[in-house]
Amino acid sequence: MSPAMAIVKDQGKANDDVLDSLYQKGVKHLCENGIDKVPRKYIWPDSDRPNAADHKQLHVAMPNLNLPIIDFSQLQGPNRSQVLKSLSIACEQYGFFQVVNHGITNDVINNMIDVSTRFFALPFEERSKYMSSDMTSPVRYGTSFNQNKDSVFCWRDFLKLMCHPLSEHLPHWPSSPTDWRTLAASYAKKTKYLFMRIVEAILASLGVWVATMNGGGGDEEILKPFEDGSQLMVVNYYPACPEPDLTLGMPPHSDYGFLTLLLQDDVQGLQIQHQDKWVTVQPIPNSFVVNVGDHLEIFSNGRYKSVLHRVLVNSVKSRISVASLHSLPLESNIRPLPALIDKSNPRRYKDTDFSSFLDYISSCEPKRKNFLESRKLMI
């Protein structure tokens, strides 16, 4: 047992600063050095822990909870109106949907999962080169949810990469594994293109985008800000956990942004809150789970809802996911679209911007949908 792990195992005698410095290195670092119990720092209060039923759900074959599946290949055919209706219902009632037949090849998807797995298999000394407490850093390796503010840590490490403009950020990305930049850049480009196509469909479902069958003839002006919008790639690693019933991979939260495109490996873990219950999203091979972000809820004036979701961990297998978070440019003000405001549906949200969000998460622990709640108008 390493001296560091001896300190963790005998937490009652350890200096808090010493323990905190260990935890800041990430949960994978703890696991690599041998650990058979969850340290106090990762133990959530009883009221926030996943219950036994949640973990049982991860190990039995269950339906995918009727999470709407959007077949992207049908958007430019005779079933377009039906697909748009399904998309609208998904955004209103679930805040989540799964996209299949999206045009991104299996090779691009499999390569992204593979190179992400290899990155987290690198020695700690290599991964730690990218550790930073600067939330505006183009590359940031870290742990938990917001490690600068979290009073209880999550069983998760991450690598965050700014992607737009790609030419500006790519030289800062990890150089190891040696094919990281090539494979991750290809993935980033493909998901950006898919995001734009999904935005077109969402605007059409809201009645503010008129597209012909071949994708032309729409109001291109409304798309321009999205084309130059922000893109953040977050590669998540959730190690197998010795006591998964005591902790969480990520706490309940909504995503800050317009849309998140999530790629998962074959290990379950993602749960969404639907009808006041936590339900597991089963991975569909080579699909994307897409969720409404806070910005889309504001943009749609509350018609489409960002939804709380969380991540459970398990004692058997580690889990990899790649979240691609997209929105308008960082300097933009996000506000309800005027076309969606009238006397029967008055404006429901204040303007917001990225600096307001950074100020918020720098001053407190981000919890649930608290930031979005702070942007609501009293009507």
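Below, each value reflects all heavy atoms present in this structure, side chains not excepted, and no hydrogens, waters or symmetry copies. Residues take their numbers from the sequence shown, with the count starting at 1. Model, not experiment: these values are computed from the prediction.
- Hydrophobic side-chain contacts under 4.5 Å tie Tyr193 to no other Ile, Leu, Val, Met, Phe, Trp or Tyr residue.
- Applying the side-chain contact (heavy atoms from CB on, under 4.5 Å) rule to Gln74 yields the partners Asp71, Asn79, Val83; only residues at least two apart in sequence or on another chain are considered.
- Atom CG of Leu337 is separated from atom CG of Leu203 by 8.0 Å, given to the nearest 0.5 angstrom.
- With Thr117 contributing its side chain and Ile113 its backbone, the two residues share a donor-acceptor pair below 3.5 Å.
- Looking only at side-chain heavy atoms (C-beta outward), Pro336 and Ser300 stay at 4.5 Å or farther from each other.
- Shown here for Trp155 and Ala240, the closest heavy-atom pair between the two residues is NE1-O, 3.6 Å.
- Heavy atoms only, all atoms of each residue included: Ile320 and Asp265 are closest at N-OD2, 2.8 Å.
- Residue Ile334 holds its CD1 atom at 7.5 Å from OG1 of Thr352, rounded to the nearest 0.5 Å.
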His326/Phe195 under ring pair (Phe, Tyr, Trp, His ring centres under 6.0 Å): CA gap, chis, key distance, verdict: CA-CA 7 Å; His326 300 262; Phe195 163 72; 4.4 Å; yes

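- If you take CD1 on Ile272 and OG on Ser254, they are separated by 13.5 Å, rounding to the nearest 0.5 Å.
- Through direct or relayed side-chain contacts under 4.5 Å between Ile, Leu, Val, Met, Phe, Trp and Tyr, Ile341 connects to no other residue.
- Side-chain atoms of Val267 and Asn314, non-hydrogen and from C-beta on, do get closer than 4.5 Å to each other.
- One distance of note links CD1 of Ile198 with CG of Leu194; it measures 4.0 Å at 0.5 Å rounding.
- Under the 4.5 Å side-chain criterion, counting only non-hydrogen atoms from C-beta, Leu377 is in contact with Arg347.
- Considering every non-hydrogen atom in both Ile35 and Pro242, the closest pair reads O-CG, 4.3 Å.
- Hydrophobic cluster membership of Val234, counting Ile, Leu, Val, Met, Phe, Trp and Tyr whose side-chain heavy atoms lie under 4.5 Å apart directly or via other members: Phe158, Met162, Leu232, Leu325.
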Trace of the ring pair (Phe, Tyr, Trp, His ring centres under 6.0 Å) decision for His29 with Phe124: CA-CA 7 Å; His29 183 65; Phe124 172 74; 4.3 Å; yes

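- Residues Leu296 and Val208 share a single hydrophobic cluster, defined by chaining ILVMFWY side chains whose heavy atoms lie under 4.5 Å apart.
- Phe96 is linked by a ring pair (Phe, Tyr, Trp, His ring centres under 6.0 Å) to His309, counting only residues two or more places apart in sequence or in another chain.
- Annotation: salt bridge (charged side-chain N to carboxylate O under 4.0 Å, His left out) contacts of Lys28 (sequence neighbours excluded): Glu32.
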Side chain to side chain contact (heavy atoms under 4.5 Å, CB included) between Tyr42 and Val27, worked out: CA-CA 9 Å; Tyr42 297 86; Val27 67; 4.3 Å; yes

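- Put simply, the side chain of Thr191 gets close to the backbone of Ala188: a donor and an acceptor are under 3.5 Å apart.
- Side chains of Asp228 and Leu328 form no contact here, defined as non-hydrogen atoms less than 4.5 Å apart.
- Evaluation of the side-chain contact (heavy atoms from CB on, under 4.5 Å) rule for Ser287 yields Gln98, Val100, Ile284 as partners, not counting sequence neighbours.
- Side-chain atoms of Arg303 and Ser88 include a donor-acceptor pair closer than 3.5 Å.
- The six-membered or imidazole ring of Phe120 lies near that of Tyr237, with a centre-to-centre distance under 6.0 Å.
- Salt bridge status for Asp351 with Arg375: absent, with no side-chain N to carboxylate O gap under 4.0 Å.
- Not a single side chain to side chain donor-acceptor pair (under 3.5 Å) links Asn333 to another residue, sequence neighbours left out.
- A salt bridge is defined here as a Lys NZ or Arg NE, NH1 or NH2 lying under 4.0 Å from an Asp or Glu carboxylate O, and Lys305 with Glu92 fails to meet this definition.
- The closest side-chain donor-acceptor pair between Thr280 and Gln271 falls under 3.5 angstrom.
- The two residues Val139 and Pro174 come nearest to each other via the heavy atoms CG1-CD, 4.2 Å.
- Two residues are said to be in side-chain contact when any heavy atoms from C-beta on lie closer than 4.5 Å; Tyr238 and Ser321 meet this criterion.
- Both tests pass for Lys41 against the ring of Phe153: distance under 6.0 Å to the centre and angle within 45° of the axis.
- Glu297 and Tyr349 form a side-chain donor-acceptor contact under 3.5 Å, judged by distance and modelled atom types alone.
- In summary, the side chains of Asp342 and Ser344 do present a donor paired with an acceptor at a separation below 3.5 Å, with no hydrogens or angles considered.
- Minimum heavy-atom separation, Lys129 to Glu125: CG-O, 3.6 Å.
- For the pair Thr247 and Cys154, the minimum side-chain heavy-atom distance is 4.5 Å or more.
- Going from atom NZ of Lys189 over to atom CD1 of Ile104 covers 13.5 Å, rounded to the nearest 0.5 Å.
- Side-chain atoms of Leu263 and Ile109, non-hydrogen and from C-beta on, do get closer than 4.5 Å to each other.
- Here the side chain of Arg319 pairs no donor or acceptor atom with the backbone of Pro239 at under 3.5 angstrom.
- At distances below 3.5 Å, at least one donor-acceptor pair connects side-chain atoms of Arg156 with backbone N or O atoms of Ser144.
- A donor-acceptor contact shorter than 3.5 Å links the side chain of Ser332 to the backbone of Pro329.
- Put simply, the side chain of Tyr130 reaches to within 4.5 Å of the side chain of Glu126, judged on heavy atoms.
- Residues satisfying the ring pair (Phe, Tyr, Trp, His ring centres under 6.0 Å) test with Tyr304, not counting sequence neighbours, are none.
- Side-chain atoms of Ser176 do not come within 3.5 Å of backbone N or O of Thr178 as any donor-acceptor pair.
- Summarising the local packing, CD of Glu227 is surrounded by more than 12 heavy atoms from other residues, nucleotides or ligands at distances under 6.0 Å.
- Exactly one residue among Val99, Leu206, Ile70 makes a side-chain contact (heavy atoms from CB on, under 4.5 Å) with Leu87. That residue is Ile70.
- Residues that satisfy the ring pair (Phe, Tyr, Trp, His ring centres under 6.0 Å) test with Tyr187, not counting sequence neighbours, are absent from this structure.
- Under the side-chain contact (heavy atoms from CB on, under 4.5 Å) criterion, Lys85 pairs with Ile89, sequence neighbours left out.
- A distance-only check finds a donor-acceptor pair linking the side chain of Ser86 to the backbone of Gln82 [under 3.5 Å].
- At distances below 3.5 Å, not a single donor-acceptor pair connects side-chain atoms of Asp245 with backbone N or O atoms of Arg49.
- Taken to the nearest 0.5 Å, the NZ atom of Lys37 stands 11.5 Å off from the SG atom of Cys241.
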Criterion side chain to side chain donor-acceptor pair (under 3.5 Å) on Thr136 and Asp134, from CA distance to verdict: CA-CA 5 Å; Thr136 64; Asp134 180 6; 2.7 Å; yes

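- For the ring-ring contact (aromatic ring centres under 6.0 Å, His included) condition, the pairs that include at least one residue of residues 162-186, sequence neighbours left out, are Phe119-Trp180.
- With respect to the salt-bridge test (charged N to carboxylate O, under 4.0 angstrom), the residues Arg118 and Asp114 qualify.
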